[in-house]
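Heads up: the structure comes next, in structure tokens.
The first residue of the sequence shown is numbered 1, and numbering continues consecutively from there. Atoms within each ligand, like the ligands themselves, are counted from 1 in listed order. All of these numbers come straight from a predicted model, not from anything done at the bench.
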Amino acid sequence: MNLGISATEYLSLIRNGEISAEEFIASTLDRVHAVEGKVHAYITMDEQNALNKARSIDKKIKAKERTGLFLGMPISIKDNICTSGIRTTCASKVLENFVSPYDATVVSKLKYEDAIIIGKVNLDEFAMGSTTEFSYFGPSRNPWNPEYVPGGSSGGSGVSVSALECMISLGSDTGGSVRSPASFCSVVGLKPTYGLVSRYGLVSYAHSIEQIGPVARKVQDVAFVLNTIAGHDPHDDTTVEKGAVDYVEDLDAGIKGKKIGLVQQMTEDGVDKEVSAATNSAISKLQDLGAECIPISLDSIVHSVAAYYTIASAEASSNLERYDNLRYGFDLGTEGYEFKAYVSKVRSNFGPEVIRRMLLGAFVLSAGYYGKYYLKAQKVRAMMKSQIDEAFKKVDFLIAPTMPILPFKIGEKINNPLTLYLLDINTIMANLTGIPAISVPFAISNMGLPIGIQIFANSFQEKSLLQASYALQQTTRLPEVPL
Ligand code: GLN
């Protein structure tokens, strides 16, 4: 069974009766068993349910009953997105045994369309990190070389899709968490416009900047998933109606006559040579297809890492206050503790990165420092938004490498938070301004490690963003994952 096929290919095989949903799920589970020891993408599997669901979909197909659009495709879900039957741990000891009483809206939508959730995938604890090393369950590994990080925080999403352990995954992107693993694992990852996809059931880290986004091997599959998950949700007042947009239709419209701005602050200092070369090559391929490329300067980007970590930590410190172990958590033995001592004992069970963020967040919000840090960060955010609005008066898209450097070895940077934070320089602008951004696999380095190219569009321009990404994808011929 070829597990590397795209969603469209899968649909045609299953409709023609060449494969059954059960066979495909069973082969996917075999693949998971074969490679998990090397890559560790999953925290929890749901094998029996997945097989039962596949059988019931096969029956519906035979009986010519209504079937959902996904016809049994195997999907993995980042473990900070709630699923009613399977635990949602956020890769934290604090939620190790938490089973949500409801499905996130994106999960119910996928289930309604007969997607099969085969398991929940790894992340940095509460999605705080860029490598998936900050998981309570241990790091995920890059399928292109298991000694290297897969990116993060949605590392399990990137790994499971890249290693053919599922067809599609959902991740969350607060500051690049869908795009970073997509880039490091040679798959496609989209951060939609803020408000396009419901966050209901996504465990909040920094609610004013994060979105759930699809990860897949092909741009067309990302478009396919977006068709199902986008749109207004009465449970999430920040969502908007997407109207009648079909992201799959006209995906091959091309980019002839479009203007693309190369973001200078994302391509100059500190960018790896091979990453720069790949960016230049992507630009010349897009020019060959009829796009015009000009340099664009967005000087507020130099402040973006500081602004992002101030805002994200501030929101995190407030969002994570609910983990007091009274409503959900693990058995600590309450005997003998006075309330404050109890809560601080509970919180000592968070990992080091989460503790760092909660402390930093509480500090920047505290009286006396609020104006100096939090308010200033919000001003940077407003300045960025106005620079972005100006830029999109001149160009249709912006382009830059997704990550400034190649994947690095597990353990190499884990003790250096600031170095890790600085790696987000190219991704966080989209979160702070709300615009959509996508990472498209573009090249493989001399060492055999993936390089992704990032394209940004103006808010709610996902359709043209996906068209540009598809055009770029069609210029590449990348090797298969060596696993
Ligand atoms: N690396 C960033 C952080 O640690 C992004 C995380 C994310 O997008 N969830 O906050």
> Of the options S300, S297, S304, which is the one that meets Q265 in a side chain to side chain donor-acceptor pair (under 3.5 Å)?
Replying inline: S297
>> What protein heavy atom lies closest to atom 9 (N) of ligand 1? Include the residue and the distance to one decimal.
In response: S177 OG, 2.6 Å
> Got the closest protein heavy atom to atom 5 (C) of ligand 1, with its distance?
Replying inline: Y308 OH, 3.4 Å
>> Quick test of your reading of the structure: of K191, Q211, R357, whose heavy atom lies closest to atom 4 (O) of ligand 1?
In response: R357
>> Against M403, only a single residue in I451, N426, L423, D272 fulfils side-chain contact (heavy atoms from CB on, under 4.5 Å); can you say which?
In response: L423
>> Is there a polar contact, in the sense of an N or O pair closer than 3.5 Å, between K78 and ligand 1?
In response: no
>> So, regarding S172 and ligand 1 (criterion: nitrogen or oxygen to nitrogen or oxygen, under 3.5 Å), is there a contact or not?
In response: no
Atoms of ligand 1 less than 4.0 Å from [X] heavy atoms?
X    : result
M128 : 4 (O)
G175 : 5 (C), 7 (C), 8 (O)
T174 : 7 (C), 8 (O), 9 (N)

>> Tell me whether ligand 1 is touched by G129 - counting only heavy atoms on the residue side and a distance under 4.0 Å.
In response: yes
>> For Y421, state whether at least one heavy atom is located under 4.0 Å from any atom of ligand 1.
In response: no
> Considering only heavy atoms, does A127 approach ligand 1 within less than 4.0 Å through its side chain, its backbone, both, or neither?
Replying inline: both
> Where's the contact between D424 and ligand 1, heavy-atom distance under 4.0 Å: side chain, backbone, both or neither?
Replying inline: side chain
> So, for L123 and I43, which heavy atoms are closest and what is the spacing to 0.1 Å?
Replying inline: CD2-CD1, 4.4 Å
> Can you name the closest pair of heavy atoms from M266 and V271 and give their distance?
Replying inline: O-CG2, 3.7 Å
> Taking E462 for the side chain and P436 for the main chain, is one N or O donor matched with an acceptor at less than 3.5 Å?
Replying inline: no
> Does C82 offer a backbone N or O that forms a donor-acceptor pair with the side chain of S100 under 3.5 Å?
Replying inline: no
> Y421 and Y309: aromatic ring centres closer than 6.0 Å?
Replying inline: yes
> With the threshold set at 4.0 Å, does a side-chain nitrogen-carboxylate oxygen contact exist between K409 and E147?
Replying inline: yes
